Protein chains: 2
Amino acid sequence: MATINDVAERAGVSVTTVSRVLNNRGYISEKTRRKVYETMAELNYQPNEIARSLLRKQSNLIGLIVPNVSHPFFGELTDAIEYYAYRQGFKLLLCNSQLDPAKERDYIEMMKRHRVDGIIMGSHTLEVGEYRNLNYPLVTLDRRIDAIPYVASDNYRGGELAAQLLIEKGCRKIAHFCGNLQLDMLSNDRTSAFEEKIREQGIEFITLQTDMNVFDQREYERLMAKLFGSHPDIDGVFATSDIIASFVIKWCRKLEKRIPEDIRIIGYDDVNAASWVSPAITTIKQPIEEMGRLAVELIRKQMDGEPYESENVLPVELVERATT
Amino acid sequence: MATINDVAERAGVSVTTVSRVLNNRGYISEKTRRKVYETMAELNYQPNEIARSLLRKQSNLIGLIVPNVSHPFFGELTDAIEYYAYRQGFKLLLCNSQLDPAKERDYIEMMKRHRVDGIIMGSHTLEVGEYRNLNYPLVTLDRRIDAIPYVASDNYRGGELAAQLLIEKGCRKIAHFCGNLQLDMLSNDRTSAFEEKIREQGIEFITLQTDMNVFDQREYERLMAKLFGSHPDIDGVFATSDIIASFVIKWCRKLEKRIPEDIRIIGYDDVNAASWVSPAITTIKQPIEEMGRLAVELIRKQMDGEPYESENVLPVELVERATT
DNA sequence: GATTGTATGTCAATCGATTGACATATGTCA
DNA sequence: TGACATATGTCAATCGATTGACATACAATC
């Protein structure tokens with residue numbers, strides 16, 4: 001690949017001049033500028049960003065760690081983050097932790113070696129301490145760790161809305177699928193809020209924990225079998241993701257339960273898939289795009305030394321469709 | 001951040017020695033090695049990969065351009081690519097073209113500036129000529145461009161299998177949703193094969209084009225309305241993605257058509273979502289993981305100057321579920 | 001004719017790490 | 001005692017681009 005020296009030589013000017021053209025500094029005549037651009041085109045010259053990064057101490061790279069992009073929620077979130085990163089001149093380094101702590105740790109180190117400008121953590125399999133000592137521009141999604149800025153949606157409110165709706169609809173025995181409560185994540189608030197509300201009304205409920213691992217669909221199937229096996233009289237379900245909700249729908253069909261007449265189902269996230277399935281899923285909408293935008297913004301602000309808000313809790317919204 | 005000089009100074013050795021420890025070259029006593037490692041840990045030192053890349057002329061970055069990762073097919077493909085890239089010591093630079101030629105062009109340039117070691121092109125909105133002149137390690141997904149190596153699955157066979165199944169099941173009037181036939185992609189072979197087979201049998205069929213844009217769900221809805229409006233007697237559908245198939249299912253429910261009794265539906269890809277929806281979708285399975293593995297492998301081989309196969313067409317498979 | 005603005009060049013340092021050439025110590029073995 | 005393996009150091013170049021200091025033109029303007 002051509003270097004700035006090749007361009008200078010071929011254009012018959014000095015490297016300084018080429019650099020001046022490239023960076024728009026100092027005096028440059030229109031004629032020279034044209035000549036330089038022409039030569040760059042002829043040589044198919046592209047300035048080496050690696051060399052630039054080294055000097056500027058800025059890579060223009062943002063690292064993103066998620067469990068895996070093939071989970072619809074993280075896929076859509078990644079899309080949003082990529083979109084806003086691009087608009088701010090950043091490129092995205094993508095890592096799937098697969099919820100494996102070793103891989104997550106490894107990825108963080110790797111990103112530091114590559115001097116990414118900041119890391120957005122959407123996967124949280126490590127102990128709080130490990131993140132705390134990172135000493136790097138960081139943004140956390142859905143997890144609060146000391147002073148690290150985070151972006152989340154109002155999980156408590158989400159759980160509340162879900163409970164309210166199922167109560168209103170007259171459900172008497174409700175199942176709740178939540179995530180892994182051992183992982184210290186803000187999404188656990190959904191469960192607290194939900195259980196609180198339901199308990200207030202003296203309604204019976206069962207809580208089942210699961211992981212966010214789409215690949216292991218058999219785990220979901222096992223859970224469904226277990227639930228409907230021991231509690232065939234469930235008449236309401238609050239699932240912590242639309243994907244889980246669609247598994248519930250599938251089992252209800254199998255068991256010939258009518259939705260929403262016999263059983264009401266409410267999901268979470270409002271990913272695109274929630275409206276592909278039928279009946280379309282009633283769900284709690286997270287503002288995915290805005291979450292992505294904010295995450296990128298927070299990295300940028302940390303880099304530029306601008307003041308920023310550490311706690312970013314965005315509103316959620318009930319989207320009522322056909323499963324309630 | 002600490003540099004190799006800081007480490008050398010603090011450990012009381014020369015940078016050459018630190019470098020020797022780091023790269024395992026020349027003679028190093030066990031004592032010095034330990035001392036250096038200790039110091040690196042104390043200083044939280046991470047070798048600057050940017051500086052290394054500059055010297056080695058290797059970034060260990062692979063660029064991936066897809067329409068968008070929130071489309072389940074590309075999400076799963078990205079997952080696979082990321083997995084195999086990681087195993088080979090590469091990191092993944094992710095770009096969503098959003099099917100916008102300007103953005104795609106821009107991204108390619110950006111990746112060249114960043115000196116990624118190779119680019120995997122899963123989005124193809126540009127003219128053939130633009131790719132041809134790229135002069136860069138490249139792998140194309142689902143598109144054949146001169147000598148550029150590509151990875152695809154057997155689209156022709158996929159179309160054939162779909163046609164065969166619907167014929168066997170006795171469908172008499174079939175709708176086929178295909179992608180944008182203007183984009184010169186190998187997936188168009190599905191349509192050719194399908195139409196050929198159906199025509200052979202003298203069966204009536206309608207072909208409808210669409211884009212792979214999951215965001216514009218309204219376009220899908222419009223298409224469905226159009227199809228079922230003018231051809232309510234359709235009794236078979238071959239959709240070029242499982243997502244489109246799930247929209248078909250949704251409309252069938254709305255129109256109270258029984259699946260598979262009144263209408264049989266077959267999708268394409270076999271993404272995870274195909275088995276979330278109910279009834280679970282009969283589909284043509286693409287070997288997504290193997291496609292990802294091969295793409296990364298082909299980049300690596302081009303870098304290392306190893307011989308490689310240019311044409312990589314992987315077998316597809318009919319997965320029969322509940323919609324046929 | 002002096003001043004000033006414009007245009008370009010030369011030179012060298014810098015970013016952080018790698019590497020080859022060469023020097024200089026030890027320690028060990030024959 | 002000499003040869004050799006081991007261990008470490010010094011020095012300088014290199015990767016590709018940026019940048020500041022300074023020099024040198026030429027033109028226009030007062």
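Side chains are part of it too, since the values below use all heavy atoms of this structure and drop only hydrogens, waters and symmetry mates. Each chain gets a letter, A, B and so on, in the order the sequences are listed, and its residues count up from 1. Since this is a predicted model, take the numbers as computed values, not measurements.
Contact annotation: R25(A) does not reach the phosphate of dT18(D) (side-chain N/O to OP1 or OP2, under 4.0 Å). For the OP1/OP2 pair of dA7(C) and a distance below 4.0 Å, the side-chain nitrogens and oxygens of Y27(A) include no atom meeting the criterion. Distances shown here put a side-chain N or O of N23(B) below 4.0 Å from the OP1 or OP2 atom of dT18(C). Close to dT19(D), at under 4.0 Å from its OP1 or OP2, lies no side-chain N or O of S19(A). Contact annotation: S14(A) reaches the phosphate of dG9(C) (side-chain N/O to OP1 or OP2, under 4.0 Å). A close approach under 4.0 Å does occur between a side-chain nitrogen or oxygen of K57(A) and OP1 or OP2 of dG16(C).
Protein atom CD of E30(B) is 19 Å distant from nucleotide atom P of dG27(C), rounded to whole Å. Distance Q58(A) CD to dA17(D) C1': 15 Å, rounded to the nearest Å. The separation between R34(B) atom CZ and dA7(D) atom C1' is 15 Å, rounded to whole Å. R52(A) places its CZ atom 19 Å from the P atom of dC15(D), with the value rounded to the nearest Å. Summarising the geometry, the separation between CG on L54(A) and P on dT19(D) is reported as 13 Å, rounded to the nearest angstrom. In this structure, CD1 of I28(A) is placed 13 Å from P of dT18(D), rounded to the nearest angstrom. What separates CD of E9(A) from C1' of dG16(D) is a distance of 15 Å, to the nearest Å. Note: CG (L55(A)) to C1' (dG16(D)) measures 10 Å, nearest angstrom.
Results of the side-chain contact (heavy atoms from CB on, under 4.5 Å) test with L93(A) over L64(A), V116(A), I62(A) single out V116(A) as the only residue that passes. Tested against D304(B), the residues K301(B), R300(B), Q302(B) include a single side-chain hydrogen bond (donor to acceptor under 3.5 Å, both in side chains) partner, R300(B).
Atom CD of E9(B) is surrounded by 12 or fewer heavy atoms from other residues, nucleotides or ligands within 6.0 Å.
Using a 4.0 Å cut-off between a side-chain N of Lys or Arg and a carboxylate O of Asp or Glu, E109(A) and K112(A) do not qualify as a salt bridge.
Nucleotides of DNA chain D nearest to T32(B) and R56(A) differ in position, and the one nearer the 5' end is that of T32(B). Each of R20(B) and P47(B) lies near DNA chain C, and the nucleotide nearest P47(B) is the one positioned closer to the 5' end.
Under 3.5 Å, the side chains of R87(A) and Y83(A) contain a donor-acceptor pair of N or O atoms.
Closest approach to the T17(A) side chain among dA17(C), dA17(D), dT8(C) is made by dT8(C) (side chain taken as heavy atoms from C-beta onward). The side chain of T16(A) has dC11(C) as its nearest neighbour among dC11(C), dG9(C), dT10(D). Minimum atom distance to the side chain of N48(A) is reached by dG16(D), of the listed dA7(D), dT19(D), dG16(D).
Counting any heavy atom pair closer than 4.0 Å across all strands shown, I50(B) reaches no nucleic acid atom. V13(A) comes within 4.0 angstrom of the backbone, heavy atoms only, and of no base.
Nearest heavy atom pair, residue L183(B) against residue N188(B), reads O-ND2, 3.2 Å.
The nucleotide dA30(C) finds its pairing partner in dT1(D), both defining distances of the Watson-Crick or G-U wobble pair being shorter than 3.5 Å.
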